[in-house]
Amino acid sequence: MNDLNVELPDGSTRTLSEGSTALDLAKAIGPRLAKDALAARVNGLLTDLSTSLADRDRVAIVTPASEDGREVLRHSSAHVLAQAVTRLWPGALYAIGPAIRDGFYYDFELPGGDHFSDDDLARVDAEMRAIIAEEQPFTRAEHSIEEGLKIFKDQPFKIEIIEAVVRGGNAEDLAETASSTMVSTYSNTSAFVDLCRGPHVPTTARLGHFQLTRVAGAYWRGDEKNPQLQRIYGTAWESKEALAAHLTQLEEADKRDHRKLGHELDLFSFPSEIGSGLAVFHPKGGIIRRVLEEYSRQRHEVSGYEFVYTPHISKAELFETSGHLSWFAEGMYPPMVLDEGQEYYLKPMNCPFHVLIFMARQRSYRELPLRMFEFGSVYRYEKSGVVQGLTRVRGMTQDDAHIFCTRDQMADELASLLKFVLDLLRDFGLSEFDLELSTRPPGNAVGTDEEWAEAEATLLSVAQAEGLDLVLDVGGGAFYGPKISVQARDAIGRSHQLSTIQLDFQEPKNFDATYIAPDNTRQRPIMIHRALFGSVERFLAILIEHYAGNLPTWLSPEQVRVLGVRDDHDGYAYDVAALLRKEGVRVSVDEASEPLGARIRKAKLEKIPYVVVVGDDDVAQGTLGVNARGSNDPERGVALGVFSERLVDEIERHASPEAP
RNA sequence: GCCUGGGUAGCUCAGUCGGUAGAGCAACGCAUUCGUAAUGCGUAGGUCAGGAGUUCGAAUCUCCUCCCAGGCUCCA
């Protein structure tokens with residue numbers, strides 16, 4: 001019998017007897033590893049422990065507390081979920097059930113068109129735990145296509161997958177089976193067989209740290225035209241602790257929810273009388289918005305932008321010319337019809353209006369690049385199910401600008417623009433970015449090859465100069481021009497798409513916009529659409545969640561609250577407030593009608609950066625007690641002038657008490 | 001738009017079998033004058049999301065509409 005040598009991840013080799021499996025390798029390395037092992041990665045491919053190894057294979061044993069391990073656990077959990085559902089709903093059809101980020105799901109069609117309800121989760125959970133307690137093995141088998149079709153003759157979704165794979169298939173289908181000539185199945189008991197490429201854990205006993213999270217409807221193959229299936233989501237982890245940590249993290253994310261904080265901090269609301277997806281900003285939210293917008297305007301002004309204002313509605317003709325009515329009508333509110341049959345639309349975008357400003361008179365090349373900026377309110381008819389807080393609304397304000405430039409100016413303009421975007425976002429405390437460049441789509445794109453190539457190359461080189469990775473979305477651009485989008489990572493690692501820079505070779509053509517070139521010919525300008533915040537509402541939501549409501553001092557609606565210890569200190573408290581207000585600080589006084597502790601608590605719950613307490617000593621010496629947000633250790637006896645200077649400096653630097 | 005769950009005082013929530021609506025916090029009033037996260041007492045507060053139906057009687061059962069949450073689809 002020949003030995004075989006396999007290579008381990010650390011580069012060492014092991015000699016095993018012929019016919020050894022990955023599990024045998026784990027045993028040879030150590031009993032603890034063998035006990036821990038869930039699956040193996042052989043020559044880069046995830047596979048079962050029962051896989052036989054060949055000479056010179058590169059093998060890594062997969063253990064639970066790893067990305068591979070969790071993926072296997074989740075995938076196997078999904079499999080158990082399907083088995084549980086078929087036990088509880090005999091005749092249920094099962095479709096697909098992959099591992100996803102943090103968990104898994106499985107899609108079903110229940111007999112008689114039945115739907116899962118929330119109460120079903122507990123039943124399914126109990127059934128899954130019963131299956132796990134039975135310590136069922138996951139047994140893999142390979143069949144011919146014909147056999148496969150026979151095995152799943154009562155499971156039309158599986159048949160559809162097999163047939164799709166035979167025809168060539170897509171990645172998703174291939175993940176379910178093995179290849180176009182062979183069907184891979186896993187069975188736990190004779191009663192339950194699933195079409196699956198695997199790998200799976202050796203037995204269900206290895207599972208258990210899971211929680212079913214929710215039920216949902218989901219279209220078969222993600223297509224709205226297909227029947228809707230019933231989906232159950234779950235999360236699964238390698239240990240009780242890891243599961244608990246994940247659930248805690250979800251709770252933490254909930255606490256940051258801008259809808260919750262927006263309500264608690266009295267920033268904005270969505271009165272149902274106004275309608276779905278339409279926000280009103282309360283005075284405190286209004287302050288944040290005003291400060292944010294003023295800062296943005298100021299930055300735009302020094303960067304050579306001019307400010308324009310345009311109406312919220314327009315005749316249909318404008319959107320016919322721009323093309324919106326032919327390709328974006330679904331996203332627009334229906335028209336208002338005036339007496340003479342004239343149709344007016346709420347604007348879904350600002351660009352056509354800006355083009356008209358460009359065209360208001362003859363333009364010379366000497367005026368270019370012409371940069372027009374507007375906080376433009378737009379209205380989009382979002383489908384009722386997609387509206388969400390401030391992040392997906394039906395009425396929003398974009399920090400929108402359109403740059404009209406010549407072909408020669410395009411590269412410089414893009415380069416300075418991308419720098420401008422990143423600088424501005426950094427001023428708001430966002431520092432981690434991902435860039436995505438969507439390049440020319442196949443087929444009839446507008447613009448010359450050179451224009452596309454130059455624009456793409458420019459965006460790429462700027463990203464590199466900024467030291468940022470740029471992900472290419474090859475062929476993902478719109479037909480009318482390439483696009484770069486900026487995603488920002490927030491404090492808990494979530495990624496939000498913010499800015500977009502979109503080149504447009506089309507719209508100036510639609511409007512026949514031109515400028516007079518040095519050679520006295522009419523030339524077509526290139527148009528760049530760009531929004532930095534995306535929408536002001538959405539940007540605010542992201543900031544609120546990024547800071548968990550603890551906004552940096554310059555953005556805080558109330559920056560300082562002054563409390564007198566007794567009511568005979570209130571006079572001094574007002575003096576302090578007046579002095580700070582003179583320095584431009586937003587400050588209020590809470591008079592001593594309640595105990596100090598209660599007033600401090602209230603101010604802390606409102607996340608005010610500084611709570612200032614003044615008592616006998618302070619009145620006598622002109623000092624303050626400073627209680628900074630995020631600190632449990634108040635500073636006593638701070639001179640008023642010192643505090644004021646510190647505060648003004650902090651505001652100027654966009655810092656906060658937590659990060660001074 | 002589709003699936004699931006929800007909407008009761010300003011907020012968070014309880015409300016059993018269908019029998020005239022409850023708490024805590026907040027608000028307001030009075031008292032309390034206090035040095036770093038909840039002072040005490042009292043008062044007021046409701047078209048039970050809206051509409052229709054069943055019933056002697058509906059927060060509770062049925063239907064429709066609106067709004068919210070989580071998914072699916074969508075996000076130019």
Side-chain angles (χ1 to χ4, degrees), chain A residues 100 105 107-108 110 113-121 213-233 250 254 257 259-260 263-264 266 269-278 322-324 326-332 348-349 351 378 380-389 391-393 477-480 483 485 497 500 502 504 529 534-535 538 563-570 591-606 611-619 624-629 631-637:
Chain A
I100 52 172
Y105 68 80
D107 286 348
F108 304 92
L110 298 181
D114 204 2
H115 296 141
F116 290 126
S117 78
D118 285 2
D119 299 336
D120 293 329
L121 289 182
T213 48
R214 51 183 48 104
V215 302
Y219 299 103
W220 169 234
R221 289 172 174 273
D223 189 335
E224 215 174 349
K225 292 189 275 295
N226 285 337
Q228 192 165 44
L229 304 178
Q230 292 293 305
R231 175 173 297 180
I232 291 180
Y233 280 97
L250 289 183
D254 276 350
D257 192 313
R259 294 165 298 192
K260 192 173 143 74
H263 177 253
E264 285 171 3
D266 195 19
S269 59
F270 297 87
S272 60
E273 292 85 343
I274 299 177
S276 180
L278 298 166
S322 70
H324 287 100
S326 59
W327 53 270
F328 192 62
E330 239 180 58
M332 292 168 68
M349 292 187 188
C351 41
V378 297
R380 298 176 184 184
Y381 187 74
E382 300 285 359
K383 287 202 263 180
S384 66
V386 308
V387 169
Q388 203 220 19
T391 56
R392 194 78 182 271
V393 290
F479 71 93
Y480 51 86
K483 182 173 97 172
S485 61
Q497 183 175 327
T500 54
Q502 168 85 58
D504 189 345
H529 307 247
S535 94
R538 193 176 125 81
L563 316 177
V565 174
R566 278 192 321 272
D567 57 7
D568 52 318
H569 302 126
D570 284 347
E591 293 186 13
S593 56
E594 284 179 285
L596 183 63
R599 285 177 288 148
I600 287 171
R601 177 165 193 271
K602 215 156 75 182
K604 290 278 187 186
L605 289 174
E606 288 178 50
V611 181
V612 163
V613 175
V614 293
D616 289 332
D617 301 349
D618 302 302
V619 174
L624 314 165
V626 177
N627 193 332
R629 191 177 61 198
S631 154
N632 294 318
D633 187 22
E635 252 184 288
R636 291 282 294 271

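Convention: sequence-line order gives letters A, B, ...; per-chain numbering from 1.
- In the set G35(B), A27(B), U33(B), A27(B) carries the atom at the smallest distance from any side-chain atom of Lys602(A).
- Pairing for A23(B) is with U12(B), a Watson-Crick or G-U wobble pair whose two hydrogen-bonding atom distances lie under 3.5 Å.
- Checked for salt-bridge contact, Asp223(A) and Arg221(A) miss the test: no charged N lies under 4.0 Å from a carboxylate O.
- Of the C1' atoms belonging to U12(B) and U8(B), the separation is 12 Å, rounded to the nearest Å.
- Checking C3(B), A37(B), C34(B) against the side-chain heavy atoms of Gln228(A) singles out C3(B) as nearest.
- Contact between the side-chain N/O atoms of Tyr105(A) and the OP1/OP2 oxygens of C72(B) is not found at any separation under 4.0 Å.
- Atom CH2 of Trp327(A) is separated from atom OG of Ser322(A) by 7.5 Å, given to the nearest 0.5 angstrom.
- Phosphate proximity of G1(B) to Ser384(A): present, with a side-chain N or O under 4.0 Å from OP1 or OP2.
- In this model, the phosphate group of U4(B) is approached by a side-chain N or O of His115(A) to a distance below 4.0 Å at OP1 or OP2.
- Applying the 4.0 Å criterion to OP1 and OP2 of G71(B), one finds that Arg231(A) has every side-chain N and O outside that range.
- Between Asp120(A) and His115(A), the closest heavy-atom pair is OD2-O, 3.9 Å.
- Taking the side chain of Ala598(A) as heavy atoms from C-beta on, and the options U4(B), G1(B), U39(B), the nearest nucleotide is U39(B).
- Between C68(B) and Ser276(A), a contact under 4.0 Å exists linking OP1 or OP2 to a side-chain N or O.
- Look at Arg601(A) and you won't find any side-chain N or O under 4.0 angstrom from OP1 or OP2 of C25(B).
- Between the side chain of Arg538(A) and the base of C75(B), no donor-acceptor pair under 3.5 Å is found.
- Here the separation of G10(B) from A26(B), taken at their P atoms, is 16 Å to the nearest Å.
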